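As structure tokens, the structure follows; a few thoughts come after it.
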2 protein chains.
Amino acid sequence: MSHTKVLPLLEPEASGAVVPCCPPLTERPFTAEEAETAARMFKALGDPVRLRLFSAVASHEGGEACVCDISDVGVSQPTVSHHLKKLKEAGLLTSERRGTWVYYRVEPSVLAAMGRLLTMAPAAV
Amino acid sequence: MSHTKVLPLLEPEASGAVVPCCPPLTERPFTAEEAETAARMFKALGDPVRLRLFSAVASHEGGEACVCDISDVGVSQPTVSHHLKKLKEAGLLTSERRGTWVYYRVEPSVLAAMGRLLTMAPAAV
DNA sequence: CATCTATGTTGACATACGTCGAACCAGGGT
DNA sequence: ACCCTGGTTCGACGTATGTCAACATAGATG
């Protein structure tokens, strides 16, 4: 599974830049398809353990952390791995093995896109 | 159930102003308690139907909508009601009965707070 | 009061989800 | 080669979740 995977919330472009899937929630009613896409991201963050893991990675120095640095969240190590996988599948994290350790890092554009979703529609453009 | 209910993400104040529960996800690792609180919100938006309903209300004129205006999301009416209740319990929506119809409206501060959660930690303040 | 329309509630069901222990894979020493 | 440590995958289990049909409730209106 090392080939490029489709990110749910963002459409990757050739340059590596990404374009958000959906307008702000407040702009117009989401279509079924938009909702399906965006909900996948929210769902991924909708578990306390996953949210802690994500926050731990996101706030870690350099925007990345190895599993050993963040796996102290009160669940077994397989469960940590399971949740990290979920976050990866949701397009929120990427992982890379370097020697003994596996490093996870956040996809910054995804954070920005999710933030945009929750933006109040600007009164005037 | 008409008495004031505790909002999960925000602590209501006397004035009606609210104060966010958590710092940006990228600022520092979330505590278990913070994660529990914030995850409840993300979870509420983690279902496509709920996300559509929420978006429909949020984007509706005046920031509010009656159920009849937004219940065309492809599921039965009881299911719509169920999801609206979930959104209410998560502190994302409030409801008010006016005559025959029940109107739902978004809690604007909650949107702002969630947006802040997804903010990149500003390099300099 | 009878009844109609708009919502909410209940009970039941299938599926999804979070969790764990055990087994398994990958690298790095020794 | 061997084993040790870090991490993932597998299989199983209990619980939560989304969904619907049926019933219940709240106002409006005749």
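Side-chain atoms are counted along with the backbone in the values below, which use heavy atoms only and exclude waters and symmetry mates. Quantities reported herein were computed from a predicted structural model and do not represent experimental measurements. Here is how names work: the chains are called A, B, and so on, in the same order as the sequence lines, proteins then strands, and each is numbered from 1.
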When rounded to whole Å, the NE2 to P distance for the pair A:His83 and D:dG7 reads 16 Å
A:Glu89 atom CD is separated from D:dT8 atom C1', nearest whole Å, by 13 Å
Here the distance between atom C1' of C:dT7 and atom CG of B:Asp69, to the nearest Å, is 14 Å
Next on the checklist: Check this one for me: any side-chain N or O of A:Lys85 less than 4.0 Å away from OP1 or OP2 of D:dT8?
Outcome noted: no
Whole-Å distance, A:Arg40 CZ to C:dA16 C1', equals 15 Å
Which of A:Val67, A:Asp72, A:Val49 passes side-chain contact (heavy atoms from CB on, under 4.5 Å) with A:Val80? It is A:Val67
Nearest heavy-atom contact between B:Ser59 and A:Glu27 is CB-C, 3.8 Å
When every non-hydrogen atom of A:Pro48 is compared with those of B:Ala35, the smallest separation belongs to O-CB, 3.5 Å
Atom CD1 of A:Ile70 and atom P of D:dG6 are separated, to the nearest Å, by 15 Å
message: A:Thr26 vs A:Thr119, test: side chain to side chain contact (heavy atoms under 4.5 Å, CB included). Steps then yes/no.
response: CA-CA 7 Å; A:Thr26 55; A:Thr119 297; over 6 Å; no
The correct set of residues in residues 42-58 of chain B placing a heavy atom under 4.0 Å from DNA chain C is none
Residues passing the side-chain contact (heavy atoms from CB on, under 4.5 Å) test with A:Pro108, sequence neighbours excluded, are B:Met120
Fill in: Backbone of B:His83 reached by a side-chain donor or acceptor of B:Arg50 within 3.5 Å
no
Open item on the list: For B:Glu89, is there any backbone N or O sitting under 3.5 Å from a side-chain donor or acceptor partner on B:Arg40?
Closed with: no
Of the candidates D:dG7, C:dG18, C:dG8, the side chain of A:Lys86 sits closest to C:dG18
Open item on the list: Has A:Ser55 got a side-chain atom pairing as donor or acceptor with B:Leu25's backbone, closer than 3.5 angstrom?
Closed with: yes
Expected string for nucleotides 20-30 of chain C under the B/S/- scheme (protein heavy atoms, under 4.0 Å, primed atoms plus P, OP1, OP2 as sugar-phosphate) is BBB---SSS--
Between CH2 of B:Trp101 and C1' of C:dG8 the distance, given in whole Å, is 17 Å
Is any side-chain nitrogen or oxygen of B:Tyr103 closer than 4.0 Å to OP1 or OP2 of C:dT7?
no
To the nearest angstrom, the NZ-P distance between A:Lys88 and D:dT9 comes to 7 Å
Tightest non-hydrogen contact, residues B:Leu45 and A:Phe42, listed as O-CB, 3.5 Å
(Q) Is A:Tyr104 close enough to D:dG6 that one of its side-chain N or O atoms is under 4.0 Å from OP1 or OP2 there? (A) no
